[in-house]
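Only one structure is covered here, and it is reproduced in the block below.
Note that these values count all heavy atoms, side chains included, but never hydrogens, waters or copies made by symmetry. Just so it is clear, the model here is predicted, and its values are computed rather than measured. Lettering of chains follows the sequences in order, A, B, ..., and the numbering in each one begins at 1.
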Number of protein chains: 2
Amino acid sequence: MKPTMSDVARAAGVSAMTVSNALTGRRPVSPATRARVERAAADLGYELNLTARHLRAGRTDTVALVVPHFDHPYYGELAARMGRHLADQGRHLVVEQSGARREAELAAVAPARWQLYDGVLLSAVGTTPDDLAGLHTSVPLVLLGEQQMPARYDHVRMDNVAGARLATRHLLATGSRRVAIVGGADPDRDAGMRTARTLGWTMAHTDTGTAPAPELLVRTGPDLSAGRDAVRRLLSDGTDFDAVFAVTDTLAVGVLAALAEAGRRVPDDVQVVGFDNLASSGFTVPALTTVDPGHEQMAVETLRLLDQVVARAASGEADGRSSGPEHVTAPVRLVVRATTRSA
Amino acid sequence: MKPTMSDVARAAGVSAMTVSNALTGRRPVSPATRARVERAAADLGYELNLTARHLRAGRTDTVALVVPHFDHPYYGELAARMGRHLADQGRHLVVEQSGARREAELAAVAPARWQLYDGVLLSAVGTTPDDLAGLHTSVPLVLLGEQQMPARYDHVRMDNVAGARLATRHLLATGSRRVAIVGGADPDRDAGMRTARTLGWTMAHTDTGTAPAPELLVRTGPDLSAGRDAVRRLLSDGTDFDAVFAVTDTLAVGVLAALAEAGRRVPDDVQVVGFDNLASSGFTVPALTTVDPGHEQMAVETLRLLDQVVARAASGEADGRSSGPEHVTAPVRLVVRATTRSA
DNA sequence: CTGTTAGCGCTTTCAA
DNA sequence: TTGAAAGCGCTAACAG
């Protein structure tokens, strides 16, 4: 059997309480006692049991971040950034993967898990507002993502419409007239990221008194290959286009690959803009013009809200009115690189 | 106060034990009782406390994977793959980030955390074999990574030397004579991934009865920009080279960016090979030839070893001789794409 | 500075 | 089928 504090206490000839104090330093212990305790602990190979401490303390000093996929660079970068911030504050971050599945997202924020973590950041893509609104408690939960979300939770998002509008406007301002959107969505379907970015694309056209041709809207999957396939399709359909707004940088990489393979020059024949400003986006050939969604602001705001809601929960408030849930939209910014011409 | 099982029991007019049984289904409960319990639980907004269960059960059904950085695609893909496998088996994976720092890696496998997880997969890059060898217990731990590792733990790695040799041999076989290595290391320094891959590069030359010129070895950081900067330096130094072996695909992306910016054609003027076969590597311009390190085999082997060591720990064996630690090297494979000429 | 008591919330006995 | 008691390992709270 694994040795416990009592075992150490017996071996050192002290009480368990003293062992605890000696090991954690929470209360002063005489040097002699501390030495004896440490000796005994080492001899027995004693190891602290954190589950017991958590049960006792009711806190874990750990925050969980639930993302759809570990291997999507956007989420990897998000997790890394969050992890750095939390580590700076001496807290732990653990990341879980939901596979973008509704059940997995719900399981991750299920009541049962709420004692495991002091708070949960959920990057929701598979759940409906109703799913989340149905949760019957005030969990320390902050929502991230571009879906429609229930109003009762704090929520941080990026300004998708403004970003897409900015991107598309830049394409139109630099001489493009037929701007395809790769990864677009029907505006009347879901209210997710794609829909919002499609709306921005449409609005940019409206701004200049035009309207995009319907055949320029290409629906796709989320992966690199989807971006490539979309452009191949456009090309094989003979659709006329002189610019592509890819709704994510990931898709944009596929778009660039397809254009290169078809011998279309970027930006001379076709301009390209992405969205997300991934770390790798400055290193495509040519370097990708994209929309920065305000990564850092989102991270900072998210953690601020988390602290707020955790404090609210700690202070025993069931559904406190001290400060209602906030809904933050981070500001976007266009990053002009080499896949677009200068104005 | 949050309601507990006793609260539910009182409300339902039964014992806590019956609540537990009714809710978990571990033991049969009469339909009428179950209904009353469920009713009471719902009314009170009862939520299971997992920390208590874990303390009691001594297991968490959760495995932790500790990686240096969430935002390095190699680790993101590794985590995603592990997560999928474990989810298929009904177990949880949580991922932590060590920042590649020695203390963080040690903290992640510190005794204190071992009750939190049924097992830990450590992607070690910051620790020395001695650090890990010093751990004084038989933790369910499987090591991943290309460092030297202490023999007492299971360890899964890729065949770096063979892979680098394969890559370089391909470059030499397709007509290149001056093969630069970007991200190389002095063979007599640490025994990490870079050293191994540098060794493979050297061996490929030896295989053909030549030796690489020292100025073709470029030391770099790990990032995209490091790959770009390495090539810029090579170019500005006037070093003659007609191929680049980048020790990671990430560096290779930077290499391609720098070559494009300098107007060197790939593969006509300069051939390029990477290492890791990231998901995005098929979508560079041109598509990157690279070494696949056997991702899937590594994942499968890792989980096999983990199950083994967890079982060993569960069966109370202190340092069981039933089956010693295994050291597995996954086989590599060259993936030829468009940054190299065909033989 | 150190010890005693009690209990975090759940579940494994053992008994009815 | 249900219950009572005991305890997982740790640490507040209250002595001393």
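- The phosphate of dT11(D) has OP1 or OP2 within less than 4.0 Å of a side-chain N or O from Arg53(A).
- A salt bridge does not link Arg102(A) with Glu105(A): none of the charged nitrogens is closer than 4.0 Å to a carboxylate oxygen.
- When heavy atoms are screened at a 4.0 angstrom cut-off, Thr33(B) is found touching the sugar-phosphate backbone but no base atom.
- Residues of residues 55-62 of chain A that place a heavy atom closer than 4.0 Å to DNA chain C, in numerical order, are Leu55(A), Arg56(A).
- Classification of Arg53(A) and Asp61(A) as a salt-bridged pair fails, no side-chain N sitting under 4.0 Å from a carboxylate O.
- Asn49(B) and Thr51(B) share a side-chain donor-acceptor pair at under 3.5 Å.
- Using a distance-only test at 3.5 Å, with no hydrogens or angles considered, no donor-acceptor pair links the side chain of Asp131(A) to the main chain of Thr127(A).
- A salt bridge is defined here as a Lys NZ or Arg NE, NH1 or NH2 lying under 4.0 Å from an Asp or Glu carboxylate O, and Arg304(A) with Asp307(A) fails to meet this definition.
- Between the side chains of Gln148(A) and His155(A), no donor N or O sits under 3.5 Å from an acceptor N or O.
- Counting to the nearest Å, the P atom of dT5(C) and the CE atom of Met5(A) are 19 Å from each other.
- Heavy-atom distances under 4.0 Å link DNA chain C to Ser15(A), Met17(A), Thr18(A), Arg27(A), Pro28(A), Val29(A), Ser30(A) of residues 15-30 of chain A, given in residue order.
- The distance between atom CG of Asn49(A) and atom P of dG7(D), rounded to the nearest whole Å, is 18 Å.
- The one candidate from His92(A), Glu96(A), Arg59(A) that meets the side-chain hydrogen bond (donor to acceptor under 3.5 Å, both in side chains) condition with Tyr117(A) is Glu96(A).
- Atom-to-atom, CZ of Arg10(B) to P of dA4(D) comes out at 13 Å; the value is rounded to the nearest Å.
- As a whole-Å value, the separation of Arg36(A) CZ from dT2(C) C1' is 11 Å.
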Subject >> Glu296(A) vs His85(A), side chain to side chain donor-acceptor pair (under 3.5 Å): CA-CA, chis, key distance, verdict >> reply: CA-CA 10 Å; Glu296(A) 186 61 15; His85(A) 279 285; 2.9 Å; yes

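- Rounding to the nearest 0.5 Å places CG of Leu132(B) at 7.0 Å from CG of Leu141(B).
- Map Ser6(A) and Arg34(B) each onto its nearest nucleotide of DNA chain D; the residue landing nearer the 5' end is Arg34(B).
- Of the possible donor and acceptor atoms, none in the side chain of Thr18(A) sits under 3.5 Å from a partner among the backbone N and O of Val14(A).
- The bend of the helix from dC1(C)-dG16(D) to dA16(C)-dT1(D), defined by the angle between the axes of its first five and last five pairs, stands at 30° to the nearest 10°.
- Ion pairing between a basic and an acidic side chain is recognised when a charged N comes within 4.0 Å of a carboxylate O; Arg39(B) and Asp43(B) show such pairing.
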